[in-house]
Structures are given as structure tokens and as C-alpha cells.
There are 2 protein chains.
Amino acid sequence: MTRTTQGETCGLGAALDVIAGKWKPTIVWQLHARPLRFGELRRLVPGISEKILFEQLRQLEADGVVHRRDHAEVPPRVEYSLTPAGAALNTAVHALAEWGTRHGRAARAQAALAESTG
Amino acid sequence: MTRTTQGETCGLGAALDVIAGKWKPTIVWQLHARPLRFGELRRLVPGISEKILFEQLRQLEADGVVHRRDHAEVPPRVEYSLTPAGAALNTAVHALAEWGTRHGRAARAQAALAESTG
DNA sequence: ACAAGTACTTACAATTACGTAAGTGCTCCT
DNA sequence: AGGAGCACTTACGTAATTGTAAGTACTTGT
């Protein structure tokens with residue numbers, strides 16, 4: 001999205017640059033409990049392609065949100081986990097998630113339905 | 001970004017659908033204090049084109065975040081303001097913004113610089 | 001020998017978001 | 001009469017993001 005050209009007054013732009021990929025929130029969410037291998041992550045995020053998963057992991061790594069640990073074994077074993085910054089991001093994101101549940105598109109559709117139904 | 005096809009376990013996807021446009025955070029931020037007219041908004045968000053501003057306002061309106069009040073005058077006068085949901089979103093977004101200031105790309109670059117310089 | 005799994009990697013196509021430029025009908029100002 | 005401002009609206013083009021399909025080198029299981 002490359003929002004960095006804008007002179008955002010606060011860090012919001014920077015945060016959105018990090019988390020606003022189509023699959024990134026899901027990836028971070030899956031990692032919040034324990035480290036996961038590439039294949040596990042692929043299975044836990046249904047619909048994502050290997051290429052995209054890999055790309056977004058690289059970006060999250062570059063942004064200091066996930067840590068990549070290569071065990072240098074054969075067959076390959078690589079574990080992805082959240083850095084402290086990643087864990088903090090996961091926390092910071094909870095307020096947004098709650099807003100989504102309460103006011104987001106789906107929630108509003110539900111509310112409208114409830115209103116019309118009775 | 002159309003994340004809605006994904007079965008997000010929480011409302012995060014919904015929230016990001018609403019706020020993740022390139023200019024949307026800035027727009028919402030500008031509206032947090034007082035209602036603004038289209039032209040005011042355009043001047044307060046330098047770099048945005050009329051088309052994009054209009055599009056993103058429409059989406060924010062459809063998502064229940066901003067309210068559009070047409071005074072039905074001539075020359076036209078239209079005021080945009082935050083709905084209660086919009087105000088809540090603005091609040092929810094603060095945690096993210098703070099994360100950005102502390103851990104975001106720019107902040108990390110700064111930190112790295114400070115480390116190498118002194 | 002052959003299929004399947006590991007974690008990537010490449011080339012290319014499709015989709016989506018964003019941007020540029022111009023036009024609409026109206027009124028006020030000079 | 002000419003220009004500027006209001007709030008849009010349209011047509012079209014570019015750039016970014018995501019997706020599809022296949023291939024790499026290696027090992028394990030049948």
C-alpha cells in the first residue's frame with residue numbers, strides 16, 4: 001500500500017503498512033499462540049497460496065513482526081514466531097478487532113437484519 | 001481489499017476492510033474534531049484527488065463510519081461527520097497508531113540509526 | 001521406482017486500487 | 001461576459017496486489 005509517502009501525523013500509517021496485507025492479520029493471529037512451520041501455517045490459513053504466504057512472511061519479518069528460525073535440517077524445518085513487537089501488534093490490534101465485531105460490515109448487516117425481523 | 005471471503009475468526013478483517021484504504025485513516029482523523037465540507041476535506045488531505053476522496057467517503061459512509069448531510073442549498077453545501085461508530089473506530093485505532101510510533105518501519109529505522117550512531 | 005512431503009522460487013496472468021483529466025449545472029464576484 | 005467556486009461524475013490509464021501453475025533439491029515411505 002506504501003503509505004509512507006504521506007506525512008501521517010501519527011504512527012497509524014506505519015502500523016497499517018505492516019498489518020494491512022490481505023492475509024497478514026490472519027498470519028499474525030495464527031502465530032500468537034505458538035511458533036508454526038511453513039506447512040502448518042499454510043494449512044491453518046485456507047485459501048492462501050504458497051507464494052503469497054511466503055511473501056507476506058518475508059514482509060512481516062522485514063517489519064520486525066515475525067522471527068524466522070531455520071533449523072538447517074534435511075528435510076527442511078523452519079519455524080515462524082512472533083517477535084516482542086509482533087506480540088505487541090497482536091495486542092494493539094484487539095481494539096480494532098472488537099470494533100469490527102461490534103460495528104463492522106458483517107455486524108451492521110446482522111443488526112439491520114435483526115431490526116427488520118423484529 | 002475485500003477480505004470478507006475469509007472466515008476471519010474475529011472482527012479484525014471487517015475493521016481493516018473499513019479503515020485500510022490509502023487515505024481513509026487520514027480522512028477519519030480529519031473528521032474527528034468537527035464536521036467538514038467536501039472542499040475543506042480536499043484541502044486538508046493534500047495529494048488526494050477529488051475522485052478518490054469522493055469514493056472513499058462513499059465507502060466510509062456505506063460502512064457506517066461517516067455521515068453525509070446534504071443541506072440542499074445552492075451553491076451545494078454538504079457536511080461530512082463521524083458517526084458514533086466512526087468515533088469508536090477513531091478511538092480503537094489509537095492503539096495501532098501508538099504501536100506504529102513505537103515499532104513501525106520508520107521507528108525501527110530510527111532505532112537502528114541511533115544504535116549505529118551512538 | 002514412484003509418489004509425497006519439506007520450504008521455497010519463478011514466470012506470468014488477473015484483479016483491485018489508485019491517479020489524471022476533463023465535464024456537469026448552478027451561483028457569486030468582478 | 002468571464003472566471004472561480006461548489007459537489008460531484010465519467011472515461012480511461014497506470015501501478016500495486018494477489019493468484020495460478022509449475023519447478024527446485026532433497027528425503028521418507030510403499
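Letters go in sequence order (proteins before strands), and every chain restarts at 1. When reading the values below, keep in mind they use all heavy atoms of this one structure, side chains included, and skip hydrogens, waters and symmetry mates.
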Taking only residues two or more places apart in sequence, or in another chain, which ones meet [X] in a side chain to side chain contact (heavy atoms under 4.5 Å, CB included)?
X       : value
B:Gln59 : B:Lys24
A:Glu50 : A:Phe38, A:Arg42
B:Pro84 : none

Roughly, in whole Å, what's the span from [atom1] in [X] to [atom2] in [N]?
X       : N      : atom1 : atom2 : answer
A:Glu40 : C:dC8  : CD    : P     : 13 Å
B:Glu50 : D:dC8  : CD    : P     : 10 Å
A:Leu36 : C:dT6  : CG    : P     : 13 Å
B:Leu53 : C:dG19 : CG    : C1'   : 14 Å
B:Ile48 : C:dC18 : CD1   : C1'   : 10 Å
A:Lys22 : C:dA17 : NZ    : P     : 10 Å
B:Arg77 : D:dC8  : CZ    : C1'   : 17 Å
B:Phe54 : D:dT10 : CZ    : C1'   : 12 Å

request  = Please determine if a side-chain N or O atom of B:Arg37 lies less than 4.0 Å away from the OP1 or OP2 oxygen of D:dA7.
outcome  = yes

query = When you check the phosphate oxygens OP1 and OP2 of D:dG19, does a side-chain N or O of A:Trp23 lie under 4.0 Å from one of them?
reply = yes

[X] side-chain proximity, nearest of [options]:
X       : options                : answer
A:Phe38 : D:dA7, C:dA7, D:dG5    : C:dA7
B:Pro75 : D:dG19, D:dG5, C:dT20  : D:dG5
B:Arg43 : C:dT6, C:dT20, D:dC6   : D:dC6
A:Arg42 : C:dC8, D:dC8, C:dT6    : C:dT6
B:Lys51 : D:dA11, D:dG19, C:dG25 : D:dA11

note = Of A:Ser49 and A:Pro76, the one whose nearest nucleotide on DNA chain D sits closer to the 5' end is A:Ser49

query = Which residues within residues 56-74 of chain B lie with some heavy atom under 4.0 Å of an atom in DNA chain C?
reply = B:Gln56, B:Val74

ask   = When you look at A:Leu82 and A:His32, which way does the side chain to side chain contact (heavy atoms under 4.5 Å, CB included) test go after all the steps?
value = CA-CA 7 Å; A:Leu82 290 187; A:His32 89 285; 4.2 Å; yes

ask   = So does A:Arg34 pair up with A:Glu79, basic N to acidic O under 4.0 Å?
value = no

note = To the nearest 10 degrees, the angle between the two end axes of the helix from C:dA1-D:dT30 to C:dT30-D:dA1 (five pairs per end) comes to 10°

request  = Give the intermediate values and the outcome of side chain to side chain contact (heavy atoms under 4.5 Å, CB included) for residues A:Tyr80 and A:Val78.
outcome  = CA-CA 7 Å; A:Tyr80 292 93; A:Val78 178; 3.8 Å; yes

key: side chain to side chain contact (heavy atoms under 4.5 Å, CB included) between B:Gln30 and B:Val45, intermediate numbers included   = CA-CA 8 Å; B:Gln30 292 294 350; B:Val45 184; 4.2 Å; yes

inquiry  = What verdict does the side chain to side chain contact (heavy atoms under 4.5 Å, CB included) test give for B:Leu12 and A:Trp29, after you've listed the backbone C-alpha separation in whole Å, the side-chain angles of each residue and the deciding distance to 0.1 Å?
reply    = CA-CA 10 Å; B:Leu12 180 55; A:Trp29 173 256; over 6 Å; no

message = Under a 3.5 Å distance rule, please check whether B:His103 uses its side chain to pair with a backbone N or O of B:Gly100 as donor and acceptor.
response = no

key: Pairs satisfying side chain to side chain donor-acceptor pair (under 3.5 Å), at least one member in residues 88-100 of chain B, at least two apart   = B:Glu98-B:Arg102

